[in-house]
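Note sheet for the following structure.
Quantities reported herein were computed from a predicted structural model and do not represent experimental measurements. All ligand and atom numbering here is 1-based and tracks the order in the structure.
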Amino acid sequence: MAQDCLFCRIAAHEIDADVIHERESVLAFRDINPQASVHVLVIPKEHIASASELTGEHGRLLAEMFGVMASIARDESLSGGHRIVTNIGPDAGQSVEHLHFHLLGGRALGWPPG
Ligand code: 5GP
Ligand code: ZN
């Protein structure tokens, strides 16, 4: 666990979150400032600073995370589609330096994003 990392502390249940799915290595919880009616963050419990840090060794973890996201999309009835996005670095607006996928849905999502 990284010192002073917000999402490490949420993963350790030191800080409350609206958790909707939990596994040994993965946690999914609702974003505190939702940008769509469904806005879930999916994180590895292990501290990884961003998607830029991923290597082949994370293959199984990533497959599990995408499996969790597919299952959440079904549970949240996002049959019309949804978006999965991860921000990397300041130009993309990454504000928490712990890998997280945003799962967004429940409204029409514009493209290109802002
Ligand atoms: P980023 O800007 O790094 O791509 O995404 C970080 C996300 O974390 C933002 O959408 C923000 O609303 C969310 N967030 C920040 N602090 C908290 C928190 O304490 N709890 C929850 N559930 N979400 C948070
Ligand atoms: Zn962390």
To which protein heavy atom is [atom] closest, and what is the distance rounded to 0.1 Å?
| atom | result |
| --- | --- |
| atom 22 (N) of ligand 1 | R30 O, 2.9 Å |
| atom 11 (C) of ligand 1 | D31 OD1, 3.4 Å |
| atom 3 (O) of ligand 1 | S95 N, 2.7 Å |
| atom 1 (P) of ligand 1 | H100 NE2, 3.2 Å |
| atom 16 (N) of ligand 1 | L6 CD2, 3.3 Å |

Beyond-backbone contact of [X] with [Y], side-chain heavy atoms, under 4.5 angstrom:
| X | Y | answer |
| --- | --- | --- |
| F66 | I84 | yes |
| R107 | L109 | yes |
| V26 | E24 | no |
| E53 | L99 | no |
| H102 | T86 | no |

Check the surroundings of atom [atom1] in [X]: do more than 12 heavy atoms from other residues, nucleotides or ligands lie under 6.0 Å from it?
| X | atom1 | answer |
| --- | --- | --- |
| E76 | CD | yes |
| E14 | CD | yes |
| D18 | CG | yes |

Counting only nitrogen or oxygen atoms and a 3.5 angstrom limit, does [X] reach ligand 1?
| X | answer |
| --- | --- |
| V96 | yes |
| Q94 | no |
| I32 | yes |

Next item on the list: Flag the pair H100 / H98 as yes when their ring centroid distance falls below 6.0 Å, and as no otherwise.
Entry: no

Checklist line | Approximate separation, where rounding is to 0.5 Å, of R23 CZ and K45 NZ | finding: 11.0 Å

Notebook entry, point to check: If you group Ile, Leu, Val, Met, Phe, Trp and Tyr by side-chain heavy-atom gaps below 4.5 Å, do V42 and L78 land in one group?
Noted result: yes

Below 4.0 angstrom from a heavy atom of [X], which ligand 1 atoms are there? Numbered from 1 as shown, please.
| X | result |
| --- | --- |
| N33 | 12 (O) |
| N87 | 4 (O) |
| F7 | 8 (O) |

Next item on the list: Using a 4.0 Å heavy-atom cut-off, say whether F101 meets ligand 1 through its side chain, its backbone, both or neither.
Entry: neither

Notebook entry, point to check: Taking heavy atoms and a distance under 4.0 Å, where does L41 meet ligand 1: side chain, backbone, both or neither?
Noted result: side chain

[X]: heavy atom below 4.0 Å from ligand 1, yes or no?
| X | result |
| --- | --- |
| G93 | yes |
| Q35 | no |
| H102 | yes |

Next item on the list: Work out the angle at the Zn ion (ligand 2) between ND1 of H47 and ND1 of H98, rounded to 10°.
Entry: 110°

